[in-house]
Amino acid sequence: MKRKFGLERVSRWLVVLAAWSWAVVSFLNQGDSHWSVFHLLTLTALLLITEFFPLPGHEGRVTVHFPFLFAISTMYSTGVAGILYTVIVLSVTWVMKHSLIRAAFRTGYIILGLFAVQLFLERLGDDWMASGGVAWPALTLIVVVLLYEGVGKGIRDGIEYLRPRPRKALMWRNNWRLELGAALLSLFYCLAYYAMLHQGRDTDPWAFLFFFAPLAAFAVLSHVIARLIRKERKLKLLFLLTTHINKDLNLKKVLRQTLHPLSTVIHYHYGIGYLLRDGRLYPVVTAGDVPEPLKRQSHPLNRGLNGWVASHGLPALVHYAQTDPRCHTDLEDNEEVRSMLAVPLEMDGEVLGVITLGKNEENGFEEVDLHFLQVLASQTVVAIKNARLIDERERRVVAEERNRLAREIHDGIAQSFAGVLMKVESSLKAFDTQPEQVKAWLEESEEKLRHGLKEVRYSITALRPSPAAQIGLIPALTRRVEAFEHETDVRGIFEHRGKQMPLEPELEEAIYMVCHEALSNAAKHAQANKVCVTLIYGDEEVRLTVEDNGVGFSLAKAVYKAEAQKRYGIVGMNERAQQLGAALHFDSEEGKGTSVVLTIPIGEEEEAAVHAHSSTFGG
């Protein structure tokens, strides 16, 4: 690994050394020029502006500089153009606090591209230019631009392949639209520059300023527009994450939804999402050019920048990773990293994980990137918290359902079976002496077994997923009434009135479960020959009524008896209604039947759903 990195670095410095040496020799051997120093200062100032405002590509390193360099080369010498460009690029890089090493390599392959153009013009291009007409000069300039782009970008991308992990995203083929656009713009300006020099137009410094100023203005405007687009993308990304991230309960997917889209607004070479378990950080999501060891390796709290962020619960923005002691262990795993950005995933004072971004360039992140990543991390934490709460709620619901089932089995099925067992034991003892009594006991046992079998079926039905969620509320209630009629031989009637509307799933489940429990109670206690179930959709409420013509009961006695015998059917229905803000009413007297009424008010969300449903189906 290090050997291959060494070959790549040596190749880069050989390019820089060759280019700078060639530029110095050309500068020393140049002849006299009739162009003034003011022309040179004008072109230098415009070139400086262009370099300060790069186009949004290759991490902000694409600039339309060739028309300026071509003009300086033809007016003075390639050496002057190369030295000026080197000074400008290194100065801008120093001011922006970026990597001087990468900037030096950039000047190297660009200067070599200029010298390739110079050799072509000396051997063939000047003769083509002198051929007259328009076609030959135009062809010459086309070859000039292609040669410059091919040599410079070819050297850059070729040396990139010497790396153990080539950064293909930075190569010409993956940015061909932007590179091609810059090349076409350069060709247009070179053609216009040739026309200006050979058509007797004014060529004083002011003329050059007005001629090349639109190119510099285009660079500035493109740079500003790119930054505005980047801010817009941040807002859109934040909106999408806050809208969709909380709907997912998979923590790994939540981190992926946070980390992967970041590349559109924050340029990074690699990103890793860690989750903290048992005092160690485990990578669960990676993005970009992540070294293989980092994809699998967990870290203790005291290791690297990630461990520092997790242990202190503080964000970290490192511009120079090589000089920050917190990053020394990170450099062991990835020696190319130059700047890092890490924020904790913290909830209620507890660190759940860390999101880390790395870049192979010094001063690669800004304060605004840190603040934006903190906002995304907070949204991720909200999603994680929601997932935990829902998971806890599901466990509590499962526990409550188990307890309810245990109570039903103990209070109902187990009691029935215990009574049957006692009758059977008594029957065995009295079989020879009291045959009539044994027959009566067995008939009573048969009835209790049938009743117990019904309770088992009711319990099994309650354990299954709500039919209302599977097939819809109306079909589910229809099937439930039909099943009740078949199991009890009691006439069951179901009807629904009003305009059917979509309800929240928990509301539909509550309606179904209250109906289920009311029918179960009617089957056990009502001794009725008819039960009517009615569902009414109103403008402001939905009402379920389960009415029978049975023996009726005293509600106060029933509740007291249920609590004394630890039976919770009525109490459970009432609690379910209260949780949803609904009203449950029992209307019953002994000897006059029973009516159970569940009234659910329709809130703003349900009304919105109704309007949406109506507009969709032309209601």
Side-chain angles (χ1 to χ4, degrees), residues 408 451 454-455 457-553 555 558 562 568-602 606:
E408 286 192 359
H451 182 72
K454 291 180 181 179
E455 290 192 352
R457 288 173 176 171
Y458 290 144
S459 299
I460 293 174
T461 302
L463 287 175
R464 292 172 179 169
S466 173
Q470 294 180 331
I471 62 175
L473 181 59
I474 301 298
L477 292 177
T478 303
R479 290 188 182 182
R480 182 68 192 93
V481 172
E482 291 175 352
F484 168 81
E485 189 175 29
H486 176 73
E487 293 169 359
T488 62
D489 292 330
V490 176
R491 184 186 178 191
I493 301 173
F494 171 68
E495 61 179 359
H496 58 90
R497 306 171 189 166
K499 189 174 183 179
Q500 183 179 350
M501 65 184 68
L503 299 175
E504 294 294 325
E506 56 267 22
L507 298 184
E508 292 189 345
E509 182 179 0
I511 293 173
Y512 178 82
M513 294 306 297
V514 168
C515 178
H516 181 278
E517 187 67 29
L519 290 176
S520 299
N521 290 338
K524 294 176 184 178
H525 312 295
Q527 301 178 23
N529 56 31
K530 185 175 73 171
V531 176
C532 296
V533 177
T534 307
L535 182 65
I536 301 175
Y537 291 96
D539 294 333
E540 298 180 355
E541 64 184 22
V542 176
R543 178 178 299 175
L544 171 74
T545 303
V546 181
E547 185 176 7
D548 66 66
N549 62 352
V551 297
F553 66 95
L555 181 61
Y568 299 100
I570 295 177
V571 177
M573 285 193 291
N574 191 54
E575 289 179 351
R576 184 184 293 273
Q578 290 179 354
Q579 290 176 355
L580 298 175
L584 185 66
H585 176 68
F586 294 89
D587 185 7
S588 179
E589 293 183 19
E590 295 183 1
K592 295 184 178 181
T594 301
S595 177
V596 180
V597 181
L598 175 68
T599 304
I600 301 178
I602 301 177
E606 285 77 13

Please check if the side chain of Asn549 supplies one atom and the backbone of Lys530 the other of a donor-acceptor pair under 3.5 Å.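 Pair found, side chain donor or acceptor close to backbone of Lys530.
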Compare every heavy atom of [Y] with every heavy atom of [X], then report the nearest pair and how far apart it is.
X: Lys499; Y: Tyr537; value: O-CB, 3.4 Å
X: Thr594; Y: Ser588; value: OG1-OG, 2.9 Å
X: Arg480; Y: Tyr512; value: CD-OH, 3.7 Å
X: Gly472; Y: Pro475; value: O-CD, 3.5 Å
X: Val481; Y: Gly492; value: CG1-C, 3.7 Å
X: Thr488; Y: Phe484; value: OG1-O, 2.6 Å

Identified side-chain contact (heavy atoms from CB on, under 4.5 Å) partner of Val546 from the options Leu598, Leu535, Leu519: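 Testing Val546 for a side-chain contact (heavy atoms from CB on, under 4.5 Å) against Leu598, Leu535, Leu519 leaves exactly one candidate, Leu519.
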Among Ile493, Leu544, Val596, Thr478, which one satisfies side-chain contact (heavy atoms from CB on, under 4.5 Å) with Val533?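 Output: one option passes, namely Leu544.
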Spacing of [atom1] belonging to [X] relative to [atom2] belonging to [Y], to within rounding of 0.5 Å:
X: Phe586; Y: Ser595; atom1: CZ; atom2: OG; value: 10.0 Å
X: Asp548; Y: Gln527; atom1: CG; atom2: CD; value: 10.5 Å
X: Ile474; Y: Glu508; atom1: CD1; atom2: CD; value: 8.5 Å
X: Leu584; Y: Glu517; atom1: CG; atom2: CD; value: 10.5 Å
X: His486; Y: Arg479; atom1: NE2; atom2: CZ; value: 14.5 Å

Check whether any side-chain heavy atom of Leu507 sits under 4.5 Å from a side-chain heavy atom of Val542, and report yes or no.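 No, their side chains stay 4.5 Å or more apart.
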Looking at side-chain heavy atoms only, is the closest gap between Leu503 and Ile600 below 4.5 Å?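 When only atoms from C-beta onward are counted, Ile600 and Leu503 do not touch, as no gap falls below 4.5 Å.
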Verify whether one side chain among Thr545 and Thr534 offers a donor that lies under 3.5 Å from an acceptor in the other.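 Absent: no donor and acceptor within the cut-off.
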